[in-house]
Asker: 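One structure coming up, written as structure tokens, with questions to follow.
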Amino acid sequence: TGEGGEDPLRFQPMPDGDSMNSAIKQVASGRFGVNIEYLSNAKELQIKMAQGAKPGEGGELPGNKVAGNIARTRCSTEGVGLISPPPHHDIYSIED
């Protein structure tokens, strides 16, 4: 879905034993779709510190693009716009 979140059905092994699970999970400032199930199915975490295209401004997904599957995956409400704040609200330095 772009910023965090993954359909939990992808965490289940396929009949042939293969997996659709993304090994690397991303945690961005909005933390959309980030929950214990998402994190525990990661082999590696990436913490996205800033929006690459708009550093310092955050990002926005207009409500008309938040369809049912996107809303479910991001633990949000269909049709409601999502805004990612520019910084993480609780990570200020490498010590955090």
Side-chain angles (χ1 to χ4, degrees):
T1 68
E3 181 183 302
E6 184 170 9
D7 187 335
L9 293 175
R10 295 174 53 96
F11 303 153
Q12 304 304 317
M14 295 167 47
D16 65 0
D18 205 354
S19 174
M20 294 188 299
N21 183 25
S22 298
I24 302 170
K25 309 286 192 234
Q26 185 181 83
V27 178
S29 59
R31 304 209 179 137
F32 298 113
V34 176
N35 56 35
I36 192 67
E37 183 180 26
Y38 175 73
L39 295 173
S40 64
N41 280 283
K43 291 188 177 173
E44 180 178 318
L45 292 176
Q46 292 181 342
I47 299 175
K48 183 177 173 185
M49 295 306 292
Q51 298 286 340
K54 305 175 286 299
E57 294 182 27
E60 180 179 359
L61 183 64
N64 64 331
K65 292 189 173 186
V66 183
N69 61 332
I70 298 297
R72 277 189 306 282
T73 302
R74 291 190 174 190
C75 303
S76 184
T77 302
E78 186 172 353
V80 175
L82 303 173
I83 297 175
S84 299
H88 284 271
H89 59 278
D90 57 354
I91 300 175
Y92 300 101
S93 70
I94 194 165
E95 288 83 21
D96 294 332

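The first residue in the sequence is number 1, and the count goes up from there. These values consider heavy atoms only, across backbone and side chains, with no hydrogens, waters or symmetry-generated copies.
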Asker: Has the side chain of Asn41 got a donor or acceptor atom that lies under 3.5 Å from a matching backbone atom of Asn21?
Answerer: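 Judged by distance alone, no pair lies under 3.5 Å.
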Asker: Does the Tyr38 side chain pair with the main chain of Pro8, one donor and one acceptor, at a distance under 3.5 Å?
Answerer: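 Side chain of Tyr38 to backbone of Pro8: no pair is present.
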Asker: Which heavy atom of Cys75 sits nearest to which heavy atom of Asn35, and what is that distance?
Answerer: SG-ND2, 4.0 Å
Asker: Testing the basics here: between Asp18 and Asp16, what is the closest heavy-atom pair and its distance to 0.1 Å?
Answerer: N-OD1, 2.9 Å
Asker: Does a side-chain heavy-atom distance below 4.5 Å link Val66 with Leu61?
Answerer: yes
Asker: Looking at Lys65 and Ile70, what are the two nearest heavy atoms and their distance?
Answerer: O-CG1, 4.3 Å
Asker: Could you tell me the separation between the CD atom of Glu78 and the CZ atom of Arg72, rounded to the nearest 0.5 Å?
Answerer: 7.5 Å
Asker: Can you sort out the partners of Ser22 under side chain to side chain contact (heavy atoms under 4.5 Å, CB included), two or more places apart, ordered by chain and number?
Answerer: Glu6, Arg10, Lys25
Asker: Applying the 4.5 Å side-chain criterion to the ILVMFWY set and letting contacts propagate, would Leu45 and Val34 be lumped into a single cluster?
Answerer: yes
